[in-house]
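Scroll down for the structure; my scribbles are underneath it.
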Amino acid sequence: MRPETLTNTLPRRSVLATTGGCVLASASITGAAGQTDTGGVSQESFAIREGTAEETTVYVTTADADGPTAFVIGGMHGNEVAGYTAAGKISNWTIEVGTLVTIPESNAVAIERGTRNDQHGNNLNRAFPEWSEPETELARAIWDVVSKYQPDVVIDLHESTGIYGGDVTNGVGQAIFTGTNSDEAAQVTDFVNRNYVDDSDLVFQVGGFSSPDVQPRDLLVHKAARDLGADAFLAETYSGVALEKRVQWHTAIVERLLKDGVSPSGILSDSERTVESQSQTQTIETASVDSGSTTDKPTAKITTLPTWTSASSVQKGETITLDGSQSKSPTGGIDCYEWKIGPDGTYEQAGPKIDVTVEENNYPVTLRVNSNGASDTDEITLSTGC
Ligand SMILES: [Zn+2]
């Protein structure tokens, strides 16, 4: 078992102003069936397998501005709760350009039963053979949606009872599998590891798709990549960790992919960094589309230097350089950078970059940036992994 206390040592990110503690305006998007328009984004939903036990909802969010299409699916396996919980939240995200199609609870029967497969033992994520018709009614209905929207990127959210160690025998958790864009998957795993993983046993790795004639085969991501040429990613979290943490990982992975992994420039807006912070408080539904409330606030961002340094595997006593110069302000430059180092630190150091000597495991460092009277913080946890 992993310690449940993981959630107490999360890096905290916040785009809320630290002065005044104001709350972001809620978007008026609803998850309900039908169509809602709000600020250049509309959402509609419809059912597939309607009138059957397999009936489930497809959510389609469309921005006024043209752009790429992303498809996110959860619940292919009914006992993988974090995947469909995260996908449900993601179905309410707003986007800057393009289209976001989400099927959060793709295998409703298995979810209802709390089992991996449906009542007939059908494994939904083995029902998508490349270059031929999917094998079940439900798989065909899902594939019809994928085919209709021709997504540029497909993301499938899963969980595993074991951790991926380079082969699949001991499980596939804490990994992003792709056959199309391992560079992007590596960037996403690095991002998530740096910001959301504080246990070296739980760092995310990148895995490749098996070839068409090798098990496991006939996965949805395989078919999307091979039949449609989509960039396809399958994200697996380790189910031995608290649900809240696993949901946070899934949402962080998808958020990063929707920002960076959908050419040319992502479909989430910069202001959707709100999702990053709010994913920790389980209130993603309120992520702001009304950018009027956030556009005048800066966004603090800590990166490690050199960039390949991992914050989750530093040595005790090691000195690591942290860079705040990737922070942004929509109203001009950052007026000041302040750093709080260590669990009992105060904002004593200033400047865009600092050197930090890691004194203990899970060593927190917080950056606060100010711009035109508004502020934002970002926090990173430096872990020695022991
Ligand atoms: Zn699964």
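Each ligand, and each atom within it, is numbered from 1 in the order the structure gives. By convention here, the first residue in the shown sequence is residue 1.
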Item to complete: Could you point out which residue of E80, E159, R246 forms a side-chain hydrogen bond (donor to acceptor under 3.5 Å, both in side chains) with T237?
Response: E159
Worksheet item: What N/O/S atom of H77 gets nearest to the Zn ion (ligand 1)?
Response: ND1
Worksheet item: If you look at H158, which of its N/O/S atoms is nearest to the Zn ion (ligand 1)?
Response: ND1
Discussion item. So that I can check it, does any N, O or S atom in E159 come closer than 2.8 Å to the Zn ion (ligand 1)?
Written reply: no
Worksheet item: Using a distance-only test with no angle check, is there a side-chain donor-acceptor pair under 3.5 angstrom linking T52 and E54?
Response: no
Discussion item. Quick check against the 3.5 Å criterion: does S371 have a side-chain atom that pairs as donor or acceptor with the backbone of I334?
Written reply: no
Worksheet, complete the sentence: Which of F209, F128, W131, F177 passes ring pair (Phe, Tyr, Trp, His ring centres under 6.0 Å) with H222? Answer is F209
